[in-house]
Amino acid sequence: MSTLETAEHPEKLRRVAIDPVSRVEGHGKVTILLDDNNKVHQVRLHIVEFRGFEKFIQGRPYWEVPVMAPRLCGICPVSHHLAAAKAMDMIIGAERLTPTAEKIRRLMHYGQIMQSHALHFFHLCSPDLLFGFSSEVARRNIVGVAAEYPDIARQGVLLRKFGQEVIRITAGKRIHGTGAIPGGVNKALTREERDTLLADVYQMIAWSRDAVHLVRRLFEQNLEEYNAFGRFRAHQLSLVRADGAMDLYHGGLRARSMDGDILFDHFDYRHYWDVIFEDVKSWSYMKFPFLRSLGPERGWYRVGPLTRVANCDFIPTPFADKERCEFLAFDDGRAAGATLGFHWARMIEMLHAVECIKDLLHDDDILGDDLVTSGERAGRGVGVIEAPRGTLIHHYRVDENDLVIRANLIVSTTHNNQAMNEAVRQVAIQYLDGHEVTEALLNHIEVAIRAFDPCLSCATHALGKMPLEVELVDAEGSVVSRLAKSSDGSFSA
Amino acid sequence: MSKTFTLDGKTIPFKDGQTIIQAALEAGYYIPHLCYHPEFKPHGSCKLCTVKVNGRQTASCTMLAAEGQVVESETPELNEERRALTQMLFVEGNHFCPSCEKSGDCQLQATAYHLGMMSTHYDHFFPNRPLDASHPDFLLDFNRCILCSLCVRASRDVDGKNVFALAGRGIKTRLIVNAKSGRLADTDFAATDKAASVCPVGVILPKRRGFAVPIGQRTFDKQPIDAYVDNRMVREEG
Ligand code: SF4
Ligand code: FES
């Protein structure tokens with residue numbers, strides 16, 4: 001862990017706050033304490049976590065939860081929909097879904113991975129990567145990308161659209177869908193729906209491969225900077241399939257230490273609390289989960305695409321697996337440990353998701369009509385899924401009258417709380433230390449946060465134009481100077 | 001020759017004893033309504049069905065049709081008032097359509113769409129109304145009650161049970177369950193009761209069935225509420 005979490009004499013320092021306004025899932029803010037020579041002494045990423053849902057859902061019938069949960073997050077609603085549905089499968093004793101139900105749910109999930117990863121990479125991050133982190137702010141957005149690299153922008157838009165279409169067809173709507181219900185799904189695909197998706201899926205695979213290669217080229221062109229940017233070592237946690245394959249929909253928990261040793265494997269997530277615990281820190285509203293066996297100080301870990309690609313033994317679709325091998329071997333494995341490696345891994349996952357969609361579309365089970373199953377009723381339900389941003393845990397207790405009495409969620413952003421703090425601290429040391437704070441330098445902090453794709457709407461606010469407010473405060477707390485960036489990207493002093 | 005009146009300029013035949021809304025619906029003309037149901041005596045409480053008869057406003061579910069009446073229904077003025085009434089119903093309760101299992105089958109929602117209601121306009125009351133989940137097969141979500149009294153009428157007049165009642169007056173009116181404990185489990189309510197299937201909104205719900213019908217196949221996905229002019233169709237399919 002970096003030593004910048006708490007400064008020794010904070011009272012003597014100036015304070016810089018980066019305060020993005022957010023709407024949906026949480027509220028994020030970075031504070032930096034500097035001394036008179038602009039030396040960085042303390043860096044903290046604060047996320048005010050939205051815990052309203054856990055209260056709100058109490059007293060509601062369990063079958064409503066999968067439809068209520070997507071309201072948690074406007075960016076990955078389908079992930080919450082599916083994690084909640086998986087928890088409710090347990091409540092109604094649906095040990096094994098019918099083949100049609102499981103495949104329709106997977107289809108929906110891969111559609112979500114695709115649309116989220118495409119949105120995140122093309123709309124939010126490609127401007128930083130294509131133009132440079134300190135490039136002219138007016139151009140550093142998706143409109144700028146569309147002007148300079150029209151093909152890349154267009155493919156990004158169409159990849160996302162295809163993912164949304166998969167969601168619409170499986171869930172009934174692009175947002176607020178109802179497809180997954182306790183014990184299965186409420187609809188399968190019609191032949192026409194399948195054929196519509198099949199018509200475009202091969203093009204999507206080709207473009208997804210191009211997207212992986214694009215990130216690779218960016219790494220090659222900026223090798224030193226990309227490898228070093230916000231770099232830190234972390235333990236890792238993700239679901240893997242019984243045979244060690246990447247499986248974004250279902251599996252057991254695998255934790256790997258920062259040295260690459262397996263800490264636990266195929267752990268049954270229905271008892272996740274035996275291996276994961278949530279720590280509380282006085283300065284942050286968001287909890288800090290850690291691996292119990294290592295304790296709160298050393299046990300923090302990283303989740304998400306970068307972790308998943310490195311943590312699995314292989315990816316069970318050919319193109320994505322080939323890319324995975326090349327990614328892991330690239331520059332003696334250094335890219336796989338780089339914060340910006342998230343983007344490369346994200347595009348590999350998008351490719352994997354499209355390959356899975358293609359395979360599912362060729363599987364006649366998705367046209368079936370055996371949609372729901374049930375078994376012995378239980379009082380506790382746990383659903384875990386690998387959401388676009390990382391492991392997502394939904395945990396509910398339901399009483400004998402079918403009402404929810406308790407809910408606990410651990411979202412990807414919470415898992416990554418400490419990891420994001422580490423990345424931001426590294427960037428602060430690398431770029432801000434000893435310099436006057438400018439928009440370009442602050443954007444480096446944003447670039448690090450955006451690599452994780454946190455469930456902060458600030459990360460996507462107005463499509464990548466994170467509104468920021470930066471205040472330089474002296475030791476008495478009075479504002480020395482102030483810089484603001486509004487959501488239209490304009491920067492004022 | 002049968003007797004007639006005119007509705008928005010169209011000639012509507014009626015039989016003696018029919019109300020304006022009965023004759024209109026039978027002739028295939030929709031007049032917005034929520035508390036009216038063809039199988040029950042009118043209640044006249046929601047006022048959605050308000051029309052102008054010979055220039056004066058009245059509820060078409062309680063007003064008997066008469067020879068030569070000039071009835072106006074589809075006027076901007078009346079629809080504006082209906083919209084306001086609907087908005088008030090939305091803010092009085094907790095109507096959260098995206099996560100409501102009655103969405104797509106709900107007459108309040110369908111009526112709001114029909115009337116082009118784009119927002120709730122008024123401040124929400126956000127009442128605190130806990131659910132009654134005591135019954136093994138049915139759930140009561142009082143958050144959505146619009147006090148139409150259909151369940152009261154169905155339970156009393158058809159089921160002969162008197163399970164439900166409206167208690168209190170004016171803005172304090174609320175739906176109650178006729179049991180000492182106030183719980184549905186302590187009544188003789190049964191899934192086969194008429195009252196179990198009559199609620200136009202999402203209050204009286206069979207348990208464990210929500211969201212089984214996919215979007216696209218729900219009652220009002222197929223056609224808007226004004227296309228279901230024979231009201232019975234709505235009830236049975238919903
Ligand atoms: S529960 Fe339903 S049927 Fe009964 S009064 Fe309320 S809205 Fe009407
Ligand atoms: S339908 Fe006539 S008053 Fe309600």
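Per chain, numbering begins at 1; letters A, B, ... match sequence-line order. On a predicted model such as this, the values are computed, not experimentally measured, just so you know.
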Between chain B and chain A, which donor-acceptor pairs sit under 3.5 Å apart?
from: A:Arg60; atom 1: NH1; to: B:Asp141; atom 2: OD2; distance (Å): 3.2
from: A:Arg60; atom 1: NH2; to: B:Asp141; atom 2: OD2; distance (Å): 2.6
from: A:Trp63; atom 1: NE1; to: B:Glu101; atom 2: OE2; distance (Å): 2.7
from: A:Glu64; atom 1: OE2; to: B:Arg144; atom 2: NH2; distance (Å): 3.2
from: A:Asn186; atom 1: ND2; to: B:Phe211; atom 2: O; distance (Å): 2.9
from: A:Asn401; atom 1: O; to: B:Lys207; atom 2: NZ; distance (Å): 3.0
from: A:Asp402; atom 1: OD2; to: B:Arg208; atom 2: NH1; distance (Å): 2.6

Do A:Val67 and B:Pro98 have side-chain heavy atoms sitting under 4.5 Å apart?
no
Segment of A:Ala180 engaging chain B (4.5 angstrom heavy-atom cut-off)
neither
According to side-chain contact (heavy atoms from CB on, under 4.5 Å), who are the partners of A:Ala83, at least two apart in sequence or on a separate chain?
A:Ile385, A:Leu392, A:His394
What heavy-atom pair brings A:Ala171 and B:Ile215 nearest, and what distance separates the two atoms?
O-CD1, 3.8 Å
